[in-house]
Amino acid sequence: MSKPISVHKFGGTSLGSAERIVSAARLLQKAAARGPVVAVASAMGGVTDVLLQAARDAERGRLAPARTAVEAIRQRHLEAAQGISEATGKAVEFDGKLLAELTTALAGISMLRERTPRITDLVSSFGERLSAPLVSAALSALGVPSRPVDARTMIVTDDRHGAAQCDRKKSDPRIRRALQPLTAKGVLPVVTGFVGRSPSGETTTLGRSGSDTTAALLGAALHASEVVIWTDVDGVLSADPRIVPNAHLLRRLSYREAAEMTYFGAKVLHFPAVLPAIAAGVPLVIRNSFAPKGPGTTISAKGNPGRGIRAVTAISGMCLISLDGGGMAGIPGIAARVFGTTARIGVSVVMFSQASSEQNIALLIPEADRARTVAALDQEFRYERLTGAMDGVKARVPIAIVAAVGDGMRGTKGVAATVFDAVARAGVNVEVIAQGSSECNISFAVDEGDRAAAVRALHETLAAE
Ligand code: ADP
Ligand code: ASP
Ligand code: MG
């Protein structure tokens, strides 16, 4: 039997320059010496942000800065190609033809003064479409047969532009048909991360940081032995190192812990990447491309039980909606009506809590959905507001959700007390509390201004691993 494939994804900082691309190609070369490899490339660091800004400029009719951005992107990739040539001693060309298509898309936005989610996806797709051929060229220059592959030929998604979901039934056979013949011939495919295609043929994207999900989807379809996510930190840490500089490396995480951490803001991995990995039982391994000898973090079904809280995460940009009123206890199905309303307008409720007195309901939603959620709830409960059973719908921003995560929390007594003691001692006021149904997470809402203090105070209670 042939060896299983391993999938290796490189994030933007790991492909930020010619030097970084060559070092990624060398890591791929080493992996390819052990067995068949499929690579996934993100856009060069910062390019997606530049593309999205260019689209916003074009929408305001400011075509000059949008064109300057295209030129800067051209220059960056040209320099990368030259640097790869110098480092490898082999000529590597940058094919700028794609940039004409980008310029046309931006001109279209500017002419219509309209930036739809569909055209935004097309514009932001160029980062990966430009980087994957460079990574592939660097591999060929090192003597590793390689080919760039546009993920849009394989990954079929729904049409939720900006956060599209993959249709695995349709995509898996396409992925296998496209990639297995290449790896069987000893060719290393470099697939564009982040992008897909809707059933009607439009370019879609899987959401910011979505290249992780591309890698997991390929790994699941190809029954890979592992999906390695190369990034700029040693692995998944016990907290965001930008908030807690002495956060420690977590060598092993269960899928559930990883799902809770990434859902509640650990940016090191795109949350939807965990799902195909679970479904296929493929381990995700997070490693540092700047220090590749490190062990990294292995995320698999086998966790690290019995350790209580293992990590602290936080998400910003939330809005706290509350419904209060002395007469609410008598209103039937109120929670169901709240959820019915948010579902109807397509707003996702990140956290929900109902006081046992039934006089207060609180929900946390993305800040961007605040106005339409308040309007829809006001409308839904107009009768109750008129009769005075409910005081009205209040919204507070900016709010953050802080979460403590660990499989072992379930069997450990007094975890909640530890969490709220620590937070209280830091002088942080907790707005709403929810315990996830999986019981390996306690999450609570705080004012955005208290987010960092709450994370640091909670992290102090963690044991080193
Ligand atoms: P890439 O470009 O490789 O996809 P990202 O910026 O998406 O990298 O993710 C890596 C970053 O995630 C790290 O540099 C770190 O600042 C941030 N991060 C947030 N929370 C965590 C955490 N718990 N563990 C590790 N990194 C984290
Ligand atoms: N380039 C995309 C982003 O910046 C996807 C990714 O890097 O994973 O969000
Ligand atoms: Mg990322």
Side-chain angles (χ1 to χ4, degrees), residues 8-17 20 24 27 40-53 73 120-121 123-132 135 151 155 162-164 191-196 204-217 227-251 253 257-258 260-273 284 286-292 294 296-297 299 309-316 402-406 451-452 455 458-459 462 465:
H8 289 251
K9 175 258 172 180
F10 289 86
T13 41
S14 301
L15 301 176
S17 62
R20 299 305 309 153
L27 288 171
V40 175
S42 282
M44 289 181 76
V47 167
T48 310
D49 290 329
V50 172
L51 288 164
L52 289 169
Q53 184 56 42
I73 288 173
T120 303
D121 268 358
V123 170
S124 55
S125 73
F126 283 92
E128 275 70 10
R129 289 161 62 196
L130 290 165
S131 67
V135 176
I155 296 198
V191 179
T192 55
F194 187 46
V195 299
T204 56
T205 64
L206 307 177
R208 295 305 305 268
S209 294
S211 299
D212 297 338
T213 297
T214 307
L217 288 166
V227 172
V228 184
I229 311 271
W230 291 98
T231 182
D232 61 350
V233 281
D234 285 342
V236 181
L237 306 175
S238 50
D240 184 338
R242 290 165 298 188
I243 302 177
V244 182
N246 65 340
H248 52 261
L249 176 69
L250 301 169
R251 294 274 300 267
L253 281 175
E257 286 171 325
E260 296 282 354
M261 283 185 74
T262 54
Y263 182 79
F264 286 105
K267 219 200 121 219
V268 62
L269 182 68
H270 193 221
F271 166 70
L284 298 171
I286 318 292
R287 296 181 67 180
N288 191 345
S289 72
F290 295 77
T297 299
I299 302 167
I309 301 173
R310 299 187 66 208
V312 185
T313 64
I315 350 175
S316 299
V402 176
V405 176
R451 176 179 57 100
V455 170
L458 259 183
H459 193 269
L462 264 59
E465 293 192 10

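What's counted below: heavy atoms across the whole structure, side chains too, no hydrogens, waters or symmetry copies. Counting from 1, the numbers follow the sequence of the chain as shown. Just follow the structure's listing: the first ligand is 1, and inside any ligand the first atom is 1.
- For the pair S42 and ligand 1, no heavy-atom separation below 4.0 Å is found.
- What sits closest to atom 23 (N) of ligand 1 on the protein, heavy atoms only, is L237 O, 3.0 Å.
- Residue contacts with ligand 1, taken as heavy atom pairs separated by less than 4.0 Å, involve K9 solely via side-chain atoms from C-beta onward.
- Ligand 2 has no nitrogen or oxygen under 3.5 angstrom from a nitrogen or oxygen of D212.
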For a side-chain contact (heavy atoms from CB on, under 4.5 Å) check, start with the C-alpha distance between L253 and M261, then their side-chain angles and the critical distance, and finish with the verdict. CA-CA 10 Å; L253 281 175; M261 283 185 74; 4.1 Å; yes
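- Between V405 and F264 there is no side-chain heavy-atom pair separated by less than 4.5 Å.
- In terms of protein heavy atoms, atom 25 (C) of ligand 1 is closest to G235 O, 3.4 Å.
- Considering only heavy atoms from C-beta on, H8 stays 4.5 Å or farther from L27 through its side chain.
- A donor-acceptor pair is defined here as one N or O able to donate and one able to accept, closer than 3.5 Å; no such pair exists between the side chain of T13 and the backbone of G45.
- Atoms of ligand 1 lying under 4.0 Å from at least one heavy atom of A239, given by number and element, are 22 (C), 23 (N).
- For ligand 1, one of its N or O atoms has an N or O atom of D232 under 3.5 Å away.
- The protein non-hydrogen atom at the shortest distance from atom 5 (P) of ligand 1 is K267 NZ, 3.8 Å.
- Of the N or O atoms in V233, none lie within a sub-3.5 Å distance of an N or O in ligand 1.
- One side chain, T205 or D121, offers a donor N or O that lies under 3.5 Å from an acceptor on the other.
- Within the structure, ligand 1 has P241 among the residues with a heavy atom less than 4.0 angstrom away.
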Residue pair T214, I155: steps toward the side-chain contact (heavy atoms from CB on, under 4.5 Å) verdict: CA-CA 8 Å; T214 307; I155 296 198; 4.0 Å; yes
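- For the ligand labelled ligand 2, residue G127 lies outside the 4.0 Å heavy-atom shell.
- Although no hydrogens or angles enter the test, the distance criterion places a donor-acceptor pair under 3.5 Å between the side chain of S238 and the main chain of H248.
- Heavy-atom proximity to S211, at under 4.0 Å, picks out these atoms of ligand 2: 5 (C), 6 (C), 7 (O), 8 (O).
- Using a 4.5 Å heavy-atom threshold, the side chains of K9 and D212 count as touching.
- If you look at E128 next to ligand 2, the close heavy atoms, those under 4.0 Å, all belong to the side chain.
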Verdict with reasoning, E465 to R251, per salt bridge (charged side-chain N to carboxylate O under 4.0 Å, His left out): CA-CA 8 Å; E465 293 192 10; R251 294 274 300 267; over 6 Å; no
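- Looking only at protein heavy atoms, the nearest one to atom 3 (O) of ligand 1 is T231 OG1, 2.7 Å.
- The protein heavy atom nearest to atom 26 (N) of ligand 1 is V268 CB, 3.4 Å.
- Between L130 and V47, every side-chain heavy-atom pair lies at or beyond the 4.5 Å cut-off.
- For atom 21 (C) of ligand 1, the closest non-hydrogen atom of the protein is D240 CA, 3.8 Å.
- Close approach to S42 involves these atoms of ligand 2, each under 4.0 Å from a residue heavy atom: 6 (C), 7 (O), 8 (O).
- Those atoms of ligand 1 with a heavy atom of T13 less than 4.0 angstrom away are 2 (O).
- Using modelled atom types, one finds no donor on one side chain facing an acceptor on the other under 3.5 Å when comparing T48 with R208.
- Relative ring orientation between Y263 and F271 is described as perpendicular, the plane-to-plane angle rising above 60° on a 0-90° scale split at 30° and 60°.
- Regarding atom 17 (C) of ligand 1, its nearest protein heavy-atom neighbour is R242 NH2, 3.5 Å.
- Here the CZ-OG1 distance, from R287 to T231, works out to 13.0 Å after rounding to the nearest 0.5 Å.
- For ligand 2, the atoms lying closer than 4.0 Å to a non-hydrogen atom of R208 are 3 (C), 4 (O), 9 (O).
- When only non-hydrogen protein atoms are considered, atom 2 (O) of ligand 1 lies nearest to G12 N, 3.1 Å.
- For the ligand labelled ligand 1, residue S211 lies outside the 4.0 Å heavy-atom shell.
- Ligand 2 has S209 within reach: a non-hydrogen atom of the residue lies less than 4.0 Å from it.
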Below 3.5 Å, can you tabulate the donor-acceptor pairs from side chains in residues 239-247 to any protein atom, sequence neighbours excluded?
{"unit_1": "D240", "atom_1": "OD1", "unit_2": "R242", "atom_2": "N", "d": "2.9"}
{"unit_1": "D240", "atom_1": "OD1", "unit_2": "R242", "atom_2": "NE", "d": "3.1"}
{"unit_1": "D240", "atom_1": "OD2", "unit_2": "R242", "atom_2": "NH2", "d": "3.0"}

